[in-house]
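From a predicted model like this one, the values you see are computed outputs, not experimental measurements.
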Amino acid sequence: MATGHTDPQRRERIIAATLDLIAEEGLARVSHRKIATRAGVPLGSMTYHFSGIDQLLREAFGRFTDHIVAVFDAHLGAAADREEARAAVADLVHVLSEGSQRDLILTQELYTLAARQPAYRELTHEWMRRSRVHLEKHFDPDTARQLDALIEGLTLHRALAREPHGRALTLEAIARVTATDRRDRDRRTP
């Protein structure tokens with residue numbers, strides 16, 4: 001545990017400890033005391049750095065959504081055309097569903113919190129908006145919105161299934177959703 005007045009990483013450790021505890025024990029079991037213990041900081045640091053648990057949760061979930069958007073960026077940012085974007089979406093679904101259980105749990109905890117407390121919906125709205133940025137480079141806004149929802153649903157189903165579906169089904173679902181992209185229809189109309 002750091003001591004003294006100089007501890008520039010204290011705030012960051014508190015945020016990281018908050019996310020770790022939410023992932024391990026669930027949001028309902030998180031408390032200032034548990035977070036402080038996990039972060040290795042005095043309990044008084046909690047109120048020094050954050051006005052309350054609400055501010056801490058907003059910042060922690062904001063940090064988490066930044067992480068997930070970075071994963072989106074890493075997979076979708078390099079797609080040069082629509083076909084590459086479709087393949088990148090499939091890659092993303094499989095990486096997210098086969099990856100960190102922590103991320104999956106934190107996603108569901110944030111969704112549940114936003115469903116129960118509308119003040120947290122701004123975080124989910126911004127996350128969704130940012131997730132669609134790369135999709136809208138290759139697909140019209142409605143198709144991008146549908147793809148974004150498809151990514152969430154397929155990821156959750158793959159992660160929780162006893163026998164997760166394979167890449168072929170993921171690609172088929174993506175092809176079906178993107179087959180009605182307005183940009184394609186506009187090009188075909190004389």
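The main-chain N or O of Gln108 is found under 3.5 Å from a side-chain atom of Thr112 such that the two form a donor-acceptor pair. A donor-acceptor pair under 3.5 Å is absent between the side-chain atoms of His67 and the main chain of Arg63, judged by distance alone. Arg121 places a side-chain N or O within donor-acceptor distance of the main-chain N or O of Ala115, the cut-off being under 3.5 Å. Between the side chain of Thr37 and the backbone N or O of Lys34, no donor-acceptor pair lies under 3.5 Å. With Gln117 contributing its side chain and Leu113 its backbone, the two residues share no donor-acceptor pair below 3.5 Å. In terms of modelled atom types and a separation under 3.5 Å, the side chain of Glu109 and the main chain of Ile105 share no donor-acceptor contact. Using modelled atom types, no side-chain atom of His32 and backbone atom of Gly52 make a donor-acceptor pair closer than 3.5 Å. In this structure, the side chain of Arg158 engages the main chain of His165 through a donor-acceptor pair within 3.5 Å. Under the 3.5 Å distance criterion, the side-chain polar atoms of Arg38 are left unmatched by any main-chain donor or acceptor of Ala17.
For the side chain to side chain contact (heavy atoms under 4.5 Å, CB included) test with Val30, the passing option among Leu56, Ile22, Asp20 is Ile22; the others fail.
Contact annotation: the side chain of Val71 approaches that of Leu92 to within less than 4.5 Å [non-hydrogen atoms, C-beta and beyond]. The closest side-chain heavy-atom distance from Arg82 to Thr178 is not below 4.5 Å. No side-chain heavy atom of Leu106 sits under 4.5 Å from any side-chain heavy atom of Leu110. Residues Ser45 and Ile14 form a side-chain contact, since some pair of their non-hydrogen atoms from C-beta on lies under 4.5 Å apart. At least one side-chain heavy atom of Val89 sits under 4.5 Å from a side-chain heavy atom of Leu135. Under the 4.5 Å side-chain criterion, counting only non-hydrogen atoms from C-beta, Thr170 is in contact with His94. At least one side-chain heavy atom of Arg167 sits less than 4.5 Å from a side-chain heavy atom of Asp91.
Salt-bridge annotation for Glu24 and Arg29: absent, with no side-chain N of the basic residue lying under 4.0 Å from a carboxylate O of the acidic one. One finds a salt bridge joining Arg176 and Glu172 here, because a Lys/Arg side-chain nitrogen approaches an Asp/Glu carboxylate oxygen to under 4.0 Å. A salt bridge between Arg58 and Glu122 is absent, with no side-chain N of the basic residue lying under 4.0 Å from a carboxylate O of the acidic one.
The distance from atom CE of Met128 to atom CZ of Arg145, rounded to the nearest 0.5 Å, is 9.0 Å.
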Given side-chain contact (heavy atoms from CB on, under 4.5 Å), test Met46 with Arg33 step by step and report yes or no. CA-CA 9 Å; Met46 302 301 291; Arg33 186 172 305 283; over 6 Å; no

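Checked against the 6.0 Å centroid criterion, the rings of Trp127 and Tyr111 qualify as a close aromatic pair.
The aromatic rings of Phe61 and Phe64 stand perpendicular to each other, their planes meeting at an angle above 60°, with 30° marking the opposite boundary.
Residues Arg10 and His49 have side chains that never bring a donor and an acceptor to within less than 3.5 angstrom of each other. His134 and Asp73 share a side-chain donor-acceptor pair at under 3.5 Å.
Under the 6.0 Å distance and 45° angle rule, Arg130 does not count as a cation-pi partner of Phe72.
Nearest heavy-atom pair, Ile174 versus Leu147, reported as atom, atom and distance to 0.1 Å: CG2-CD2, 4.1 Å.
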